[in-house]
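Below: the structure, in structure tokens.
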Amino acid sequence: MQYHFNDIEAKWQKYWAENKTFQADNSSDKPKYYVLDMFPYPSGAGLHVGHPLGYIASDIYARYKRHKGFNVLHPQGYDSFGLPAEQYAIQTGQHPAVTTEENIKTYRRQLDQIGFSFDWSREVRTSDPNYYKWTQWIFIQLFESWYCKHTNKAFPIVELVKIFALEGNAAVEAVCDDNVDVFTAAQWNSFSSIKQQEILLQYRLTYLAETEVNWCPALGTVLANDEIVNGVSERGGHPVLRKKMTQWSMRISAYAERLLQGLDTIDWTDSLKESQKNWIGKSVGASVSFNVNNHDKEIEVFTTRPDTIFGVSFMTLAPEHELVSVITTPEQKSEVEAYIQATAKRSERDRMADVKTISGVFTGAYAEHPFSKEPIPIWIGDYVLAGYGTGAVMSVPCGDQRDYDFAKHFNIPIPNIFEGVDISEEAYADKENTVIANSDFLNGMNYKKATKRAIFELEQLGQGEGKTNYRLRDAVFSRQRYWGEPFPVYYVNGMPQMIDKAHLPIRLPDVEKYLPTETGEPPLGRADVWAWCTETNAIVDNNKINNKTVFPLELNTMPGWAGSSWYFFRYMDANNDQEFASEEALKYWENVDLYIGGSEHATGHLLYSRFWVKFMKDRGFVSVEEPFKKLINQGMILGTSAFVYRLSYMFANPREEEKIGSRLLKKLNNIYISHAEFISKGDLESNKKYLIELKGKLAEVAGLENAEALENLIVVPLPIHVKVEYVNASDELDIEGLRNDGEFGEDFKDAIFIGEKGAVINGGNDVYKVGREVEKMSKSKYNVVNPDSICQDYGADSLRLYEMFLGPLEQYKPWNTAGISGVHGFLKKLWKLYHQGDDINDPSYYISDPKTEGYYAGGKVVKRGFGVTDAEPTKDNLKTLHKTIKKVEEDIENFSFNTSVSTFMIAVNELTAQKCTSRDILEPLLVLLSPYAPHIAEELYSKLGHKESISTAKFPKFEEKYLVESSKNYPISFNGKMRFTLELPLDMSKEDIEATVMAHDKTKEQLQGRTPKKVIIVPGKIVNIVG
RNA sequence: GCUGAAGUGGUGGAAUUGGUAGACACGUUGGACUUAAAAUCCAAUGUCCAUUAGGACGUACGGGUUCAAGUCCCGUCUUCAGUACCA
């Protein structure tokens, strides 16, 4: 009875789909458990073996929790808005919805064949209007809300309007724009509607603002900082400019403190929490304003050390600071301007990498110390960043190393304000053990006291206050793209108006092309039917715009993170068209218990979702404060790229080029050498050596009579990616396959390959070995391994087990198909373990090969078939089973899936050796295995006579009593080195152990007459004899 | 620079509290079965010395604590990831 995995897997996948085995109920007596994967973006390339890693882990956990008696929600969907589909649309004219639909079909097919226990009845797609209707609705709620600092909560904006009408804004503690003017109730009531709307926009949680953005003209869109690599766009490598634009922003800064505090309440890894903490970047200190001498200007700075205010000996402004041009004296003007220009040329990366160089220029201007009234020189320096704080610092060289270095470099005095501290070599930044000196009223105080006093005195002067600064900036929410959620917004007199919930969704309009317009408007600017009629509440033709009843609609779309910031709630009630999810569903499922995904979302998706959830909680839409209770980052599966090495050459002497004809050059350009043929890549000396050896060959290969022509040629092997499918396990290249591959065109048609032995390959005389390197899987690197062929050749259960067996879930690891035979072999052994019967009544039984499907006994072929019996399990059987239960359960709880695969292998090896056929052992073993290899588990479980899916079976209970041992094989060590082992009863006393061990022949042999100094006995563990 | 993670056979990786380092696999070698191959099964496999018995050395490197260290402490190096010259 052979293990026909393809048939078995197809059978059970069909069974699960037809019986809706994994459909979750929104009510149950069982406790709930919500397991979620970060949903994929359905790219055109389909799934590769890296994608399922996290899905397999979460599926194992979800199935395990079902066995443990939980009502499990385990959904899946697609983050289906995104730039790649739009890029493809621009190139081909295909509507992104069409390609997205096709891609999703591929994804679904690929996901289904791996046997995930997803509840597909709850599928969500962010690009589906029935979904983005609610994304638009949440946007409207953000627009209709403001944040009260006093109660630390968001409230409806109508309540703010009431306050304004009653008492003005003077007493309102809200998170708002910096430049809000104070007004009274009377003033508010006298304002025009437009003026009122303008003011409210300064308070709304989503607002329009002029922001400086990274504008990429070639892509026609704004890019996030992390979409820019080395000053050009990550996608396509186009140049990027800074540009001011009016865009929607999200007032995420209002939630900075709660986002920080909330981290303590969730079970995430420390490294992830650390990234979010750094991203939020809280620092507590004070803002201080310095008057500029001879100008009616103030420079405001933020400092974390107001206690060191008397140590200020200069100030530094960022070169971009707005006051620089105002205060610079005529004498310093040319120098300052030159410095500003030089700084502007340097990229941020440059400035960052070059920490050691100290540069700066004196502006010629002075500020006044708030207390001592001494003049303080004002400098500019590029170590001060315009984007952080106020773009200016008060420099205290004795307490800050950067200030110290700057002062030393420019011979600025370094006053010491710390008692008994030597600052002749470096600054003293330790604030815990300082006593302030030379600081007037702060003398003799420690850091804490001095800080408090300094802030108090500054407040008295009206020149400062205590302040907490966050690095977290408000998030830009507009994208100049087509394939994203349209805003439910139209404009009346330039003021944004929200469309009522009843008329949502606002669907994406059709456009002819997906590019920005010639005038630089977003792609929606191309739509002909993109105006809002307030009478019919419908989208109408643009030429009906009269700005009385018909108004223009917003042309931007929302960013990728809009849809992914709340999708986990939609799964709870995915088909609800009245609400984003019903109150009952939200109450029942609460939030995600376990979230698995890549660490690349640490500061994007994971921060924005937390922000939206906190907002939704404030407004009473949901009842939870955090979206994801526990989060695990799965590591990436890397590809092993294959390289061939094209000889690229250059001439030490340019005239040489003429000596060699162009025909020859073409040939030279087409020679590939095997990996072992060279040792070092770019190093000239070894190249020369290599060249001498190669020269004869080149002359021969290139058909050159006169090898001297190659005299001054410098040869460098240039690595080129080739498809990994043309390389076998021994790194040998299938040259014919490569030559005939259409995708490479003529590239390799006439190529000459020099093999391992150094001969030109012609037929089977030599082999060509590729070079290998581990890299991220990507289409362009030709190193993508597709799960389809693995499912075909080994089965989904093998794939699942193998991906887990590869190593710890969180770790980055290269994919290597060679190892899959190990887990596949295990499944075959498992199958065999259940088919030890000799003569069976299995109707599906057939025999085509007596050697694999039966065995010889007494010269006869004995048929082999399903053979689980009711035999009483032996002590050894029970021990193996319970050892396995214990380990597997611990492993799953610790997400250590790789070790439980080993445990299964050990169990099957042991039970096979024990010739175990007992149902009492083999049935619970299947339940243990079923989260990992569900298909084979279902098949064998049904063969055991069960009519229900194994997913309903209870997880076996571990019983300690089967593992209790009466004896222990003690390792006997001498001076810490294990020499032999000795089987002794566990209840033996220390004294008896010592006596037995000391009397042993081997002990005497080891000691050779010496008397041991000491004998260490740890009962149940070890014996160590010292001496 | 800073922060975080890591470094163990030819390879992927085990070793949860300090207690027999290398589980489980892959690969390799040898053998059985076969006309042959595949499949399956058996054996060996950290390195070095030794015919065997056995021994020496071994968890990036250098020290230390301990009866005992992959595990704890100090220092150094390397790799990967994140990042912000954050006042």
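Reminder, nothing fancy here: chain letters follow the sequence lines and each chain counts from 1.
- Atom CG of A:N633 is separated from atom P of B:rA5 by 14 Å (rounded to the nearest Å).
- Looking at every heavy atom in both residues, A:I455 comes nearest to A:G285 through CD1-O, 4.1 Å.
- Sequence order on RNA chain B of the closest nucleotides to A:G825 and A:G822 puts A:G822 first from the 5' end.
- For A:R471, taking side-chain heavy atoms from C-beta onward, the closest of the listed nucleotides B:rC24, B:rA87, B:rC86 is B:rC86.
- Between A:S967 and A:E983, the closest heavy-atom pair is OG-OE2, 2.6 Å.
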Just the table, please: protein N/O against nucleotides 13-20 of chain B N/O, every pair under 3.5 Å.
| unit_1 | atom_1 | unit_2 | atom_2 | d |
| --- | --- | --- | --- | --- |
| B:rG13 | OP1 | A:Q811 | NE2 | 2.6 |
| B:rG13 | O3' | A:N898 | ND2 | 3.4 |
| B:rA14 | OP1 | A:N898 | ND2 | 2.9 |
| B:rU16 | O4 | A:E890 | OE1 | 2.7 |

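- Within 4.0 Å (heavy atoms only), A:K829 reaches sugar-phosphate atoms of the nucleic acid but no base atom.
- Aromatic ring orientation, A:Y794 versus A:H824: perpendicular (interplanar angle above 60°, classes split at 30° and 60°).
- The side chain to side chain contact (heavy atoms under 4.5 Å, CB included) search around A:P814 returns A:T640, A:V774, not counting sequence neighbours.
- Checked against B:rC67, B:rA84, B:rC24, the side chain of A:K1014 finds its nearest nucleotide in B:rC67.
- Nearest to the side-chain atoms of A:E274 among the listed nucleotides B:rG55, B:rU3, B:rC86 stands B:rU3.
- Using a 4.0 Å heavy-atom criterion, one finds that A:T903 contacts no nucleic acid atom at all.
- Aromatic ring pairs are classed by plane angle as parallel below 30°, tilted from 30° to 60° and perpendicular above 60°; the pair A:F410 and A:F406 is tilted.
- Counting only heavy atoms from C-beta on, A:S902 has its side chain closest to B:rA23 among B:rA25, B:rA23, B:rC85.
- Residues of residues 388-404 of chain A that place a heavy atom closer than 4.0 Å to RNA chain B, in numerical order, are A:Y388, A:V393, A:R402.
- The CG atom of A:N278 sits 14 Å away from the C1' atom of B:rC85 (whole-angstrom rounding).
- Of all non-hydrogen atoms in A:E803 and A:W815, the two that sit nearest each other are OE2-CZ3, 3.7 Å.
- Positionally, the nearest nucleotide of RNA chain B for A:I820 lies more toward the 5' end than for the other of A:I820 and A:I1025.
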